[in-house]
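As a basis for the values below, the full set of heavy atoms in this structure was taken, side chains included, without hydrogen atoms, waters or symmetry mates. In this chain, residues are counted from 1 in sequence order.
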Amino acid sequence: MNAFTKDGERILSVHTVAVRFGVSDRTVRLWAAKGRLPGFKDGPKIWRFRATDVEAVRARLKTRRRNTDYGGESGNDF
């Protein structure tokens, strides 16, 4: 597998994304299949993710958690 796109962006595996989110590999595949985490297929069963997409989702979730912790908007699209 090539670890970078043509424009130099890092590509991550399911396992790497799972570690970053603190969830199982299966959860990452489920999020990708449901469109909650942008990714692309690299074969019939292999998901890959752009690092910038993963970080954008992490930042969005972090902001939502912070808002919920301080009595702000509740809800979680995951």
Side-chain angles (χ1 to χ4, degrees):
M1 176 194 91
N2 190 354
F4 296 92
T5 62
K6 289 181 182 179
D7 58 348
E9 186 173 1
R10 183 129 174 104
I11 299 296
L12 306 175
S13 68
V14 168
H15 184 72
T16 301
V17 174
V19 169
R20 288 187 183 195
F21 279 105
V23 299
S24 71
D25 292 7
R26 184 175 178 169
T27 298
V28 171
R29 286 186 192 94
L30 178 66
W31 289 350
K34 289 188 173 188
R36 295 176 176 172
L37 182 64
F40 59 94
K41 298 286 278 229
D42 186 21
K45 295 183 179 182
I46 301 171
W47 281 96
R48 300 290 183 211
F49 305 89
R50 289 177 179 82
T52 53
D53 291 340
V54 171
E55 293 309 314
V57 170
R58 283 182 67 198
R60 188 177 74 219
L61 288 175
K62 186 175 182 179
T63 300
R64 286 198 174 150
R65 282 191 199 119
R66 190 175 330 131
N67 286 341
T68 302
D69 290 345
Y70 294 111
E73 136 190 352
S74 63
N76 187 349
D77 70 345
F78 272 68

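The side chain to side chain contact (heavy atoms under 4.5 Å, CB included) search around L30 returns K34, not counting sequence neighbours. Under the side-chain hydrogen bond (donor to acceptor under 3.5 Å, both in side chains) criterion, D25 pairs with H15, not counting sequence neighbours. With sequence neighbours excluded, no residue satisfies side-chain hydrogen bond (donor to acceptor under 3.5 Å, both in side chains) with T63. Residues meeting the side-chain hydrogen bond (donor to acceptor under 3.5 Å, both in side chains) test with R20, sequence neighbours left out: E55.
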Give the C-alpha distance, both sets of side-chain angles, the deciding distance and a yes or no for side chain to side chain contact (heavy atoms under 4.5 Å, CB included) between T27 and F21. CA-CA 10 Å; T27 298; F21 279 105; over 6 Å; no

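For the pair P38 and D53, the tightest heavy-atom approach, listed with the atom from each and the gap, is CB-OD2, 3.8 Å.
Side-chain contact between V28 and W47 is absent, with no heavy-atom pair separated by less than 4.5 Å. V17 has its side chain out of reach of W31: every pair of non-hydrogen atoms, C-beta onward, lies at least 4.5 Å apart. Between K41 and I46, the closest side-chain pair of non-hydrogen atoms is not below 4.5 Å.
Taken to the nearest 0.5 Å, the CZ atom of R48 stands 9.5 Å off from the CG atom of L12.
Hydrophobic clustering, with ILVMFWY side chains joined whenever heavy atoms are under 4.5 angstrom apart, keeps V19 apart from F49.
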